[in-house]
Amino acid sequence: MSQLGSRCPQGFPRCPRWIPGVPRASHGGPIVLQSPPMDLVAGLGCACAGLVALALLVVAQRLGLLYRLCHKVDTASPRHGGELVAEVLRAHGVRFLFTLPGGHISPVLVACEKLGIRVVDTRHEATAVFAADAVSRLSGPVFVELPIDVLYPFHVVQKEIGGPKTPRGLRGKLVQWYLGNYLQDLFAGAWEPRDPTPLPLRVPTAAPEQVQRCAELLSRARRPLVLVGSQALLPPTPAEELRSALESLGVPCYLGGAARGLLSPECPLLLRQNRRDALRDADLVLLAGTVCDFRLSYGRLFGRGTAVVAVNRNRTQLLRNSDVFWKPRLALQGDPASFMVALARSLQDFSCPREWLERLREAERNKEQRNRDKAAVSPPCHLNPLALLQAVDQVLPPHSLLVADGGDFVGTAAYIVRPRRPLAWLDPGPFGTLGVGGGFALGAKLCRPEAEVWVLYGDGSLGFSLMEFDTFVRHKVPVIALVGNDAGWTQISREQLPLLGSAVGCGLAYSGDAGDTEDTEDSAGDRVVAVLRAAQAECHRGHPVLINALLGQSDFREGSVSV
């Protein structure tokens, strides 16, 4: 015990000085300083020890030390991560693996071969990607990326990442310990049994009240229109069920992308011509998986009073360019196919106004007649592209599948050639990537071996995947490639020349023999059909075929803009 004090001002007797944080003594008496209670010290010590222990546990968990208490590392095992990848792929029903071989994926290729998954090697890595893209469009698409250190056996990875055997200094020893710990953590429990079966599929669906709201709008519409996009063909709703829903509603339809062929070519609801005029005149437009991007002029094609109902799984795509050029009356985030099925069930007594449908059909017939008239005009030399594509449409069997890879020629084909069934038209999509033809055809033929696969090439796009005919031959993949050879990047020159006064960079050269050019129009048409049927016969014998069709000039797509 001690007493602290000093002389107070004004000569007062000695008085205690108050120390902040210490209780004041009463009546000016002495202040007693005492040590903290032992229970407080013990409590603080326990708290600090607990925090340290917790921090150590967190560090141990992050370093994988806790996991390795229950999961051992088999350093002698020859197994590798490629085997696990192959097991998961097989469990998910994967039948084909497209690749350009490389050391970083060799374990996957070898393991897949052992499990019966067909490994298809291509001549260009982009073709492998496009082939997988085609298979994904025809089946539930997934992208998987794997680091190389999880694919090889323990002893290989140990050799690659191991540091010096006798590290120097504290830093070297820490690095050596970290790499060794990483390796142990990587392979801990690697070969323990796991369930590789697919996870349940979650697909967003529209609420019943949203379906009812759309049903009310459609029941009041006098000039309704439906635009069906590729997304509507995604699982789980079968294409046949979606087709039945569209036929039950009886609303005229435009089909785009993979939805082409959903309705038969003879279906009275199917429209392919005059879409701009129909969108302008409609009082209700239902976008079932269709996006308001450049293909719909960003939404500027709708009439001023048109009620737009949009259904899309992806919210960003659902509202693309909305409140800029268009505004949806109803925007529903959900699966468009299941939505259309539910809508048809709620409107079983609905009947689309007949005069509206007949008006659109009349415009359709007039436009198709004008196309036939243009196809009948022979260019100064070579073939009329419309006549050639009409011949293709004439010989296509019901089980055909079309791959579109090109510009002007493919753009023309979209109006002339009619897919015969759902998921029978594969094109690059909104990005317009050239060079998909070889890969798409490869994936499509392997996925649907019974289909007669046609690739519609432009002479420009052909150059990206011509080498893949070697792949077709080696892997016995018979396809028919039709090249619309007009000796130029015509889709670009159609815009560049009138706007800028020059077609520089757009010119190519005809290649191949033009053959006999003295035929009459009738005999030329017959000869084209004969060549196409000969190509089909050769394809059915198991050989890939390429037809180089030299095209003359056509104004069919004059004024089209491609940026």
Side-chain angles (χ1 to χ4, degrees), residues 140 200-259 262-263 269 275 278-279 282-293 295-296 298-353 356-357 422:
L201 180 66
R202 293 185 57 196
V203 177
T205 56
E209 55 270 21
Q210 294 175 318
V211 177
Q212 183 58 35
R213 174 61 178 146
C214 181
E216 294 172 359
L217 291 172
L218 183 56
S219 63
R220 295 195 297 265
R222 306 302 302 166
R223 300 181 303 279
L225 199 64
V226 175
L227 272 64
V228 183
S230 296
Q231 193 185 94
L233 272 294
L234 292 177
T237 303
E240 295 75 15
E241 192 172 346
L242 175 58
R243 180 175 60 232
S244 296
L246 294 174
E247 292 173 344
S248 174
L249 284 172
V251 177
C253 299
Y254 285 95
L255 307 176
L262 180 61
L263 298 175
L269 303 177
R275 188 175 68 170
L279 287 171
D283 62 357
L284 182 140
V285 176
L286 175 53
L287 304 178
T290 300
V291 183
C292 274
D293 54 18
R295 292 168 292 185
L296 289 181
Y298 311 100
R300 291 178 292 191
L301 300 180
F302 304 127
R304 184 176 298 274
T306 303
V308 180
V309 177
V311 189
N312 200 291
R313 294 187 182 190
N314 184 283
R315 183 166 181 81
T316 301
Q317 300 287 5
L318 173 68
L319 300 174
R320 179 75 66 191
N321 298 306
S322 66
D323 296 325
V324 179
F325 298 114
W326 69 289
K327 188 177 182 64
R329 182 74 59 87
L330 193 60
L332 311 176
Q333 184 175 1
D335 173 50
S338 60
F339 175 84
M340 295 303 298
V341 172
L343 182 65
R345 289 172 180 168
S346 68
L347 287 172
Q348 294 184 6
D349 297 329
F350 172 76
S351 177
C352 180
W356 166 242
L357 180 57

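Just so you know, these numbers use all the heavy atoms, side chains as well, and skip hydrogens, waters and symmetry mates. In what follows, residues are counted from 1 in the order of the sequence shown.
- Considering all non-hydrogen atoms of both residues, L225 and A282 come closest at CB-CB, 4.1 Å.
- Shortest non-hydrogen contact noted between Q231 and G334 is OE1-O, 4.4 Å.
- For the pair V203/S338, no side-chain contact is recorded, criterion being any heavy-atom separation below 4.5 Å from C-beta on.
- A distance of 12.0 Å separates OG1 of T290 from CG of L318, quoted to the nearest 0.5 Å.
- Once rounded to the nearest 0.5 Å, the distance linking CG of L330 with CG of L287 reads 11.5 Å.
- The backbone N or O of A221 lies less than 3.5 Å from no partner atom in the side chain of D283, so there is not a single donor-acceptor pair.
- Residues L286 and F339 are in side-chain contact: their nearest non-hydrogen atoms beyond the backbone lie under 4.5 Å apart.
- Here the straight-line distance linking atom CG of L319 with atom CG of N312 works out to 9.0 Å at 0.5 Å rounding.
- In this structure, E240 and R243 have side chains that are in contact, with non-hydrogen atoms separated by less than 4.5 Å.
- Within the 4.5 Å cutoff, side-chain heavy atoms of P224 are placed close to those of C352.
- Between L234 and R313 the shortest side-chain heavy-atom distance falls below 4.5 Å.
- Annotation: side chain of L269 is in contact with side chain of L357 (closest heavy-atom distance under 4.5 Å).
- Residue R315 qualifies as open at atom CZ: its count of foreign heavy atoms under 6.0 Å is 12 or below.
- With respect to the salt-bridge test (charged N to carboxylate O, under 4.0 angstrom), the residues R345 and E241 qualify.
- Taking 4.5 Å as the limit, some side-chain heavy atom of M340 sits within range of a side-chain heavy atom of L249.
- Note: R275 CZ to L296 CG = 5.0 Å, rounded to the nearest 0.5 Å.
- Put simply, CG on L301 and CG on L227 are 9.5 Å apart, with the number rounded to the nearest 0.5 Å.
- To the nearest 0.5 angstrom, C214 atom SG is 4.5 Å from L343 atom CG.
- In this structure, D335 and T237 have side chains that are in contact, with non-hydrogen atoms separated by less than 4.5 Å.
- Within the 3.5 Å criterion, the main-chain N or O of Y298 finds no donor-acceptor partner in the side chain of N321.
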